[in-house]
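One structure is given below, encoded as structure tokens.
Every heavy atom of this structure was used, including side-chain atoms; hydrogens, water molecules and symmetry mates were not. Throughout, protein chains are lettered first and strands after them, A, B, ... in sequence-line order, and every chain is numbered starting at 1. Remember, predicted model here, so these are calculated numbers, not experimental data.
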Amino acid sequence: MARNSIGLILNAHMPYVRHPEYPRFLEEDWLFEAIGETYLPLLRMLRRLRDEGVPFRITMSFSPTLCSMLSDPILQGRFTDYLRLHQELGEREIVRCQREDQECIPLAKMYLNSINTNLQEYFETYQCNILTGFRDLEESGHVDLITTAATHAYLPLYSEYPSAINAQIELAVQSHINHFKRRPKGFWLPECGYFPGLEDYLQKEELAFFQLAAQSLILADQPVERGNYAPVACPNGVFGFARDFHLTNLVWSNTEGYPTDSNYREFYRDIGYDLPLEYIRQYIHAPEVRVFTGFKYYAITGKGNDKRFYHPERAARKVQEHAANFLYSVHQKGEKVAPLLDREPFYTLAFDAELFGHWWFEGIDWLEAVLRNAAKSNDVVFETQLDYLKRYPESQVLQPSLSSWGEGGYSDVWTDGVNVWIYRHLHKAIERMEELAIRFPDQSSLKQRFLNQAAREVLLAMASDWPFIIHNGTSSSYAEKRLRDHLGNFNVVYENMCKNAVNTEWLVKSEKRDIVFPDIDYNMFNLNSRRNRYNG
Amino acid sequence: MITPNIDALSLVELRYIARKQGIDDAEVLDREDLLEALQEMYEEMESNISGDGSVSSPFTQQRFMNTLVAHDSNDTMGTLPGVQCLPEGYSETRIHLLLKNPYWAHAFWSVCSTDIMKLEQSSASFSFFLRVSIHGASERNLEADSFDVDVSRTDTSWNINLPERGRVYSVSLHYKDTEGNTGRLCVSDTVETPKSYWLDHVDALGKDERQFSLLFSSLVSKGGNMVENPLLREVVELLDERLGG
């Protein structure tokens with residue numbers, strides 16, 4: 001019986017959002033929800049499996065912006081405040097449910113328990129920095145940690161600017177080494193955005209592989225020999241792994257995926273929106289800005305607003321069914337595919353980590369069940385891209401096709417009618433940054449800090465999140481504000497440097513505001529200096 | 001209630017908030033007076049929140065983010081103080097071409113005022129057009145074909161339909177005057193549209209069951225939905241035609 005290898009990659013990413021100038025800030029909740037609902041429960045589950053001796057190997061990507069925020073003492077303190085506030089809400093909820101919604105008492109207790117466990121582990125196990133937990137899993141050989149573009153920029157739209165792509169990748173590797181004390185071996189392409197030639201930048205940073213959208217290989221300009229069931233080697237020897245859409249869609253699809261099951265918890269019904277303002281006010285973001293609190297008592301049920309209460313035990317049964325179904329699907333696929341191949345098939349499953357736990361509440365339980373059952377099966381194994389490359393070092397040499405995992409498979413999401421205007425300014429800022437790096441190479445002291453701040457602002461403006469949020473129309477004013485701020489801040493440096501001046505007061509304020517990438521070197525925008533470095 | 005950390009705001013920003021909140025004399029108050037007036041107003045608003053959570057104060061409460069963004073405001077972002085105004089274009093004559101997908105590209109350009117002045121001096125009236133050049137994939141500098149798109153003098157961007165896959169494109173901005181004189185102002189870098197091998201070998205794909213199965217079994221969901229991609233759809237439609245024929 002052929003062995004089916006599953007190469008799971010989870011990409012953990014959040015845009016850089018940090019506003020210490022406000023007592024509470026709505027968009028910082030993105031990070032706190034991800035830590036509380038995905039990263040901590042995921043760590044808990046993976047460590048449990050490891051401690052019980054369940055064999056598994058997966059790959060996880062951590063974006064440099066996320067790493068920076070997870071290590072930031074101010075945000076760590078704010079996450080603690082967030083947990084304590086929700087702990088208080090949980091305690092009040094139990095009392096309220098005893099009075100008004102008795103059926104919800106076990107759910108309120110379940111959420112409160114989860115918050116208490118998060119608090120305890122956050123302090124006692126991880127000393128407020130959960131990256132140590134993932135580093136520990138890498139050291140024990142259960143997780144391969146890889147990196148992604150410094151600010152998660154969608155790279156195909158910057159193919160004209162080698163310096164900017166180089167900066168995104170070089171800085172990402174540097175940041176990964178700072179946080180995880182190891183050089184990453186792989187690279188998560190933000191949004192699976194690939195253009196032919198991107199692998200050359202990866203090779204320079206000794207990155208061995210990356211993941212691709214499902215259609216990248218079939219649409220190449222030569223025939224792919226093993227479909228998406230084995231990696232291909234780009235002409236320079238960096239490996240590309242294309243996603244398996246069939247298996248991915250069992251989980252990812254919002255129409256036919258497991259998370260749509262009516263027994264699972266409904267994400268959008270939350271007491272932050274459902275309960276009267278006088279009760280919920282102190283747990284939301286204004287008298288009138290209602291937000292998710294995480295206390296959600298309803299099951300998906302159906303398409304209408306009339307929802308049943310959520311029953312965790314029913315959902316748990318579904319989790320087991322869906323885990324079994326997934327492994328059965330892999331098995332069936334292997335039966336069909338393995339005889340067509342000259343080697344054991346490899347299925348690349350690549351997801352945003354936040355799907356599990358945050359968006360799909362039962363997702364982490366499902367993943368645990370899949371990993372446990374796979375460990376007991378004869379024909380399914382979870383191994384990493386590097387494991388597979390060790391077993392099969394020879395691959396077909398093929399140049400993948402331009403692609404992304406966005407709607408339509410190309411760059412439409414990031415260049416639609418409402419967000420395409422940003423590239424006029426982003427491209428100009430990159431050109432000006434290149435100009436500054438060439439005109440003022442190897443500066444020291446204040447000028448160096450000033451130029452480093454300019455590089456920081458350009459990179460933060462390049463994040464794929466801003467055009468994506470503008471495209472989606474949710475929080476779009478915040479995304480647009482951030483873009484404008486970073487570009488405007490960059491222009492402050494550019495205009496001052498053109499006058500050979502440094503605005504010290506502004507610089508100190510800016511460095512305090514954006515403490516991301518403390519070791520940034522603006523010279524990375526001068527490709528000539530970079531070439532000398534590589535040649536030297 | 002979320003209020004800005006007003007101590008951290010500049011005078012311009014404080015005046016803006018004060019004006020928005022209906023404080024009289026916002027324009028003439030100094031920083032200390034503005035801080036005091038806003039603080040008083042926020043305290044008053046807190047005390048005016050009624051039992052059902054509604055604000056009975058006559059003030060319109062707004063949420064301000066990262067110095068100044070009025071949440072749910074109708075103001076155009078660029079017009080808010082504290083929000084960076086970006087120029088419509090830059091003082092240069094330049095054109096860029098962004099590839100959106102194999103069928104469409106987005107061009108954006110600017111023309112510097114010196115060039116506009118020169119054109120105005122040489123002709124009473126002139127207009128612009130874009131020339132889309134199609135090159136062979138291997139010989140990027142060799143223009144094989146081209147077509148023109150008229151644009152108005154106030155346009156600064158345009159979506160361009162690309163007729164062929166597997167070709168290299170560039171776009172240049174030209175002027176033409178009433179006497180029929182034309183000239184090129186700037187030209188973009190090239191972009192290359194992808195092309196699948198299978199578009200030209202669809203017959204072979206139709207005959208090779210193993211290949212077909214290897215390629216498509218990972219691209220179709222359990223419910224029969226294929227990865228959303230126009231080029232892939234083209235391959236499948238061609239295949240359908242050939243097999244149907």
Side-chain angles (χ1 to χ4, degrees), chain A residues 19 21-27 156-157 160 214-215 218-224 226-229 244-246 249-250 253 255-256 276-278 281 285-289 329 333 336-337 340 401-402 407-412 415 420 423-425 427-428 477-478 480-482 484-485 487-488, chain B residues 1-2 4-5 8 49 51-55 61 63 65-67 69 71 73 77-78 83-86 89-90 96 98-102 104 106 108 110 156-157 166 189 192 194-198 201 210-211 213-223 225-232 235:
Chain A
H19 295 285
E21 69 273 25
Y22 287 88
R24 280 182 69 201
F25 196 82
L26 184 103
E27 283 75 10
L157 294 174
E160 265 183 80
Q215 74 278 11
I218 187 177
L219 293 179
D221 59 7
Q222 65 183 98
V224 58
R226 300 183 184 93
N228 286 352
Y229 302 114
D244 188 300
F245 178 76
H246 171 76
N249 226 41
L250 293 173
S253 167
T255 52
E256 51 180 295
L277 277 169
E278 70 264 26
R281 181 176 299 112
H285 269 265
E288 76 271 42
V289 181
S329 301
K333 200 173 171 74
K336 283 184 195 156
V337 165
L340 307 177
S401 175
L402 175 78
E407 205 179 320
Y410 297 102
S411 302
D412 302 67
T415 56
V420 75
Y423 298 99
R424 180 189 298 276
H425 306 289
H427 287 190
K428 192 72 210 161
S477 57
Y478 177 72
E480 188 177 336
K481 173 75 167 65
R482 284 293 302 275
R484 287 175 179 274
D485 276 350
L487 291 166
Chain B
M1 181 168 69
I2 294 293
N5 180 6
I49 294 168
D52 65 355
S54 63
V55 181
Q61 173 58 30
R63 175 174 164 268
M65 303 187 297
N66 189 18
T67 53
V69 172
H71 184 69
S73 161
M77 183 74 62
V83 176
Q84 299 293 334
C85 270
L86 298 169
Y90 292 89
H96 292 256
L98 280 179
L99 190 63
K100 289 160 74 82
N101 60 47
W104 288 93
H106 179 78
F108 60 87
S110 55
T156 55
S157 64
D189 281 350
E192 186 170 354
K195 187 188 183 191
S196 169
Y197 168 88
W198 294 112
H201 300 83
R210 174 191 166 275
Q211 185 69 268
S213 187
L214 264 183
L215 293 181
F216 282 92
S217 57
S218 67
L219 298 176
V220 179
S221 76
K222 189 180 174 185
N225 297 311
M226 193 175 66
V227 170
E228 195 190 335
N229 182 281
L231 215 50
L232 196 56
V235 173

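A:Asp412 contributes atom CG, which lies 12.5 Å from atom NE2 of B:His106 (distance to the nearest 0.5 angstrom). Taking CG of A:Asn228 as the reference point, atom CZ of B:Phe216 lies at 11.0 Å (rounded to 0.5 Å). Note that the OG atom of A:Ser401 and the CG atom of B:Leu232 stand 10.5 Å from one another [nearest 0.5 Å].
The minimum heavy-atom distance between A:His427 and B:Phe108, with the atom names listed, is ND1-CZ, 4.0 Å. In plain terms, the two heavy atoms of A:Asn249 and B:Ser221 that are nearest each other are ND2-CB, 3.2 Å. Closest approach of B:Leu99 and A:Leu157 over heavy atoms only: O-CD2, 4.1 Å. Shown here for A:Arg484 and B:Leu86, the closest heavy-atom pair between the two residues is NH1-N, 3.7 Å. Across all their heavy atoms, A:His246 and B:Lys222 have their closest contact at ND1-N, 3.8 Å. The minimum heavy-atom distance between A:Arg424 and B:Tyr90, with the atom names listed, is O-CE1, 3.9 Å.
Of the atoms belonging to A:Ala220, it is backbone heavy atoms, and not side-chain ones, that fall under 4.5 Å from chain B. In this structure, the portion of B:Asp189 lying under 4.5 Å from any heavy atom of chain A is its side chain and not its backbone. Looking at A:Gln215, both its backbone and its side chain come within 4.5 Å of chain B, counting heavy atoms on both sides. Only the backbone of B:Val220 comes within less than 4.5 Å of a heavy atom of chain A; no side-chain atom from C-beta onward does. Looking at A:Lys333, the atoms closer than 4.5 Å to chain B (heavy atoms on both sides) all sit in the side chain, from C-beta outward. Proximity to chain B involves both the backbone and the side chain of A:Thr415, based on heavy atoms less than 4.5 angstrom apart.
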(message) Apply side-chain contact (heavy atoms from CB on, under 4.5 Å) to residues A:Ser411 and B:Leu98 and explain how you reach the verdict.
(response) CA-CA 9 Å; A:Ser411 302; B:Leu98 280 179; over 6 Å; no
(request) Run the numbers on A:Tyr410 and B:Asn229 for side-chain contact (heavy atoms from CB on, under 4.5 Å), then give the verdict. (result) CA-CA 8 Å; A:Tyr410 297 102; B:Asn229 182 281; 3.3 Å; yes
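In this structure A:Tyr229 satisfies the ring-ring contact (aromatic ring centres under 6.0 Å, His included) test together with A:Tyr347, sequence neighbours excluded.
Counting non-hydrogen atoms of other residues, nucleotides and ligands closer than 6.0 Å to CD of A:Glu256 gives a total above 12.
Each of B:Leu219, B:Leu215, B:Leu231 has some count of heavy-atom pairs under 4.5 Å with chain A, and the biggest count is that of B:Leu219. If you tally non-hydrogen atom pairs under 4.5 Å between each of B:Ser157, B:Pro194, B:Ser217 and chain A, the highest count goes to B:Ser217.
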